[in-house]
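Structure record follows, encoded as C-alpha cells.
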Number of protein chains: 2
Amino acid sequence: MRNSLGRNFTFGILQQLGQEIVTGAYGRSNPFPTEAELCKRLGASRSVLREAVKMLTAKGLLRARPRQGTWVEPEENWNLLDPDVLRWLMERKFSAQLLLEFTQIRLAMEPMAAALAARHADVAAKAKIRQAMERMKAADKGEDDPLTSDIAFHVAILEASGNRFYAQLRDIIEAALRTSIQLTNRRKGVRLASVADHQKVADAIFGGDIEGARQSMHALMMEAMTLIEAAANGTAAEDAV
Amino acid sequence: MRNSLGRNFTFGILQQLGQEIVTGAYGRSNPFPTEAELCKRLGASRSVLREAVKMLTAKGLLRARPRQGTWVEPEENWNLLDPDVLRWLMERKFSAQLLLEFTQIRLAMEPMAAALAARHADVAAKAKIRQAMERMKAADKGEDDPLTSDIAFHVAILEASGNRFYAQLRDIIEAALRTSIQLTNRRKGVRLASVADHQKVADAIFGGDIEGARQSMHALMMEAMTLIEAAANGTAAEDAV
DNA sequence: GCTGCATATATGTATGATAAATGCGCGTCT
DNA sequence: AGACGCGCATTTATCATACATATATGCAGC
C-alpha cells in the first residue's frame, strides 16, 4: 500500500522531493536527476513524477528546459511564503536564523493585523478570539494544549483583520509555530508569553482600541523575538550535538 | 505554433485556467469541468491538462478527488502571496478593495524592511538602492520609466533587508505595482510620491538611521494608502462604466 | 576561425489501458 | 419499515509507450 503519506502517491513524491531540495541535496556536485533516473529511483511512473515536478516548479523550487534538464532554482526564487515550502524548511532545515527572519515578518505583520482587527472585527471574529483566549487559559491550567491554543489565538486575530492577505498568513504561521516550539522548548522551561499579555491584546481588540491592540501585540512579538535571538546566539553549539 | 504565450503549451493552459478561476468563472452553477471535458474544450492532451491542474493545486486554487471531480477551493485557501495568483487577481479581477488590502501589507512590511536595511545593508545593496534613486531622478526628468524605476527602488530595499522573506516580496510587489498603476493613473495626473520623499528613505538607510528609515518609508506608504483610499471611494462609479 | 548543419539528449505532448476511490442505489435480511 | 451491505458507475490516479520539440554539442565545410 503506497498511500501511507497522507494522500496519494504523487503527493508523497512531492513531499520527498520538496524536502530533499530545500535541504540542499541537489547542487553543483549532485545535479537534479533526469526524469528517467528519478522514475527508477522512486519507483514511480513518468506521469506521477512529472506532476510532482510541475508542482515544485509552481512553488519556484525547480525549473526545466528541454535538453538542458531540470535544476533547482536559486533560493531567492523559492516561494518561501508557500506553506509547503516553509514547512519543509522548518521541518528539515530548521535553523535559528530562519526562525529569526520569519519572526521579523511576524513582528511587522501581527501588530498591524491586531490594529485592523480592533477596527473591523465583527461579532463572529471576536467570538473566535474570545474562544482562543479561553483555550489559552485552560492550557495554562494544563487542561488544553499550549501550542495549538496559542496558534488559534494568533490565527483568530489574523482572520479578524478583515484583510485576505493577513488571513493568508494563517498557514505559514501555523507551520512556523508548530516547528519552532522545538527551539524554545529545548532551552529548559523558558516560558512563552503569559496569558495576561495575550489578554491585553484581546481586550484592546474587543474595545476597539486600535493603538492599544497594535502596541500590545508588538510587545508580545518582541518577547518572542528576544527569546529567539537568545536561542540563536546560544544553541549553535547544542544544535551540533 | 502554440508557443505564443511565453513558454510552452502547459504554461499557457495554466495561465488561462488560473485567470478563469480567480475571476470566479467556476462556481455552484458552473462546476469545474472534468478532465475529459477540459481536454476537448482547450484542445489539450491529458498530460498537459493534468500538469496544469496540478500546478493550480499547488497554488491552492484547485483540489481533486476520484469520483468527486475537481473543484475550485474556497478563496481563503488560495495562496494569495503566490506571484502568479496575485498577478491573475490584479490583472483579471482588479478592484480598489484588493489593492487596498495589499497596500495594508506593504504598510506593515516596507517600513520594517527599510529599518532592517538601515541596519544590515552591505555595500552592494546600498549601491543598488543608489542606482534605483538615480533612475527615479532620471524618470522625473522624463529620461526613464517612472513605474519600473519605482519598483526597482522598493525591490532594492527589500533585498537590502538581509531577510529572505522580505526579499521574497519582490515578485508580488512588482506584480501589484505593475497593475495598480492603472488605478492611480486613471485619476487625472495624480502624482505618485515625490523623488524627494524617496530620497529621504535612501539617505536614512545610507546613514544607518534605523528609525529614520522606518518612519520615512512609513510616510511614503501612507501617501500611497491615501491615494488608494480616495480612489476606492471615488472610482466605484467610474469602474462600472 | 567561423558558419551552419547533423545529431544526441533532455523535456514536452499525445494517447490508450488499467487501478483505485467513492457516492449512490439496489437488494436483502431482520 | 428500516438498517445494512454489496456492487455498479464515474472520476481521478497511475502506468506504459510512442512521438514531438527544443537545444547544447561537435563535426564538416569553407
Side-chain angles (χ1 to χ4, degrees), chain A residues 1-18 20-21 26-73 77 84, chain B residues 1-18 20-21 26-73 77 84:
Chain A
M1 170 185 176
R2 297 174 133 167
N3 197 350
S4 64
L5 247 160
R7 268 199 271 186
N8 50 35
F9 194 32
T10 307
F11 188 75
I13 302 277
L14 169 70
Q15 304 296 316
Q16 178 169 352
L17 287 179
E20 287 178 4
I21 290 169
Y26 305 108
R28 257 203 166 288
S29 64
N30 180 31
F32 197 81
T34 175
E35 252 176 41
E37 288 173 279
L38 268 182
C39 284
K40 215 169 16 178
R41 207 190 82 196
L42 299 170
S45 72
R46 248 186 102 196
S47 316
V48 301
L49 190 95
R50 283 186 61 84
E51 284 169 18
V53 163
K54 285 289 179 190
M55 284 194 266
L56 292 165
T57 303
K59 293 174 187 300
L61 299 190
L62 291 179
R63 194 148 172 178
R65 287 170 73 179
R67 168 74 208 206
Q68 242 169 287
T70 304
W71 65 91
V72 176
E73 280 277 87
N77 289 340
D84 284 327
Chain B
M1 171 184 175
R2 294 174 133 166
N3 197 352
S4 65
L5 247 159
R7 270 199 271 188
N8 49 35
F9 197 31
T10 306
F11 188 74
I13 301 279
L14 168 70
Q15 304 297 316
Q16 178 169 353
L17 287 179
E20 286 178 5
I21 290 169
Y26 305 107
R28 259 207 163 288
S29 64
N30 180 30
F32 198 81
T34 175
E35 234 177 60
E37 287 175 277
L38 267 183
C39 283
K40 213 166 21 173
R41 208 191 81 196
L42 299 170
S45 73
R46 271 173 40 232
S47 319
V48 301
L49 190 96
R50 284 187 61 84
E51 285 167 19
V53 164
K54 285 289 180 190
M55 283 194 265
L56 291 165
T57 303
K59 292 174 187 301
L61 299 190
L62 292 178
R63 195 149 171 179
R65 287 171 73 177
R67 164 76 206 200
Q68 244 169 287
T70 305
W71 66 91
V72 176
E73 280 276 88
N77 289 339
D84 285 326

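Numbered from 1 within each chain, the chains take letters A, B, ... in sequence-line order.
Partners of B/R65 by salt bridge (Lys or Arg N to Asp or Glu O under 4.0 Å), not counting sequence neighbours: none found. Checked against side chain to side chain donor-acceptor pair (under 3.5 Å), A/K54 has no partners two or more places apart in sequence or in another chain. A search for side chain to side chain donor-acceptor pair (under 3.5 Å) contacts involving A/E73 returns A/W71, A/N77, not counting sequence neighbours. For B/R41, the side-chain contact (heavy atoms from CB on, under 4.5 Å) test picks out B/Q16, B/E20, B/Y26, B/P33, B/L38, with sequence neighbours left out. With sequence neighbours excluded, the residues that form a side-chain contact (heavy atoms from CB on, under 4.5 Å) with A/S47 are A/S45.
In this structure, B/T34 does not reach the D/dT10 phosphate: none of its side-chain N or O atoms is under 4.0 Å from OP1 or OP2. Phosphate proximity of D/dC15 to A/S45: present, with a side-chain N or O under 4.0 Å from OP1 or OP2. Of the side-chain N and O atoms in A/T70, none sit less than 4.0 angstrom from OP1 or OP2 of C/dA10.
Rounded to whole Å, atom P of C/dT11 lies 10 Å from atom CH2 of A/W71. Going from atom CG of A/L14 over to atom P of D/dA13 covers 13 Å, rounded to whole Å. Between the CG atom of B/L42 and the P atom of C/dA14 there is a distance of 11 Å, given to the nearest Å.
Contacts between residues 60-68 of chain A and DNA chain C, counted as heavy-atom distances below 4.0 Å, involve A/A64, A/R65, A/P66, A/R67. Contacts between residues 46-53 of chain B and DNA chain D, counted as heavy-atom distances below 4.0 Å, involve B/R46, B/R50.
Screening residues 30-39 of chain B for side-chain hydrogen bond (donor to acceptor under 3.5 Å, both in side chains), with sequence neighbours left out, gives B/E35-B/R50.
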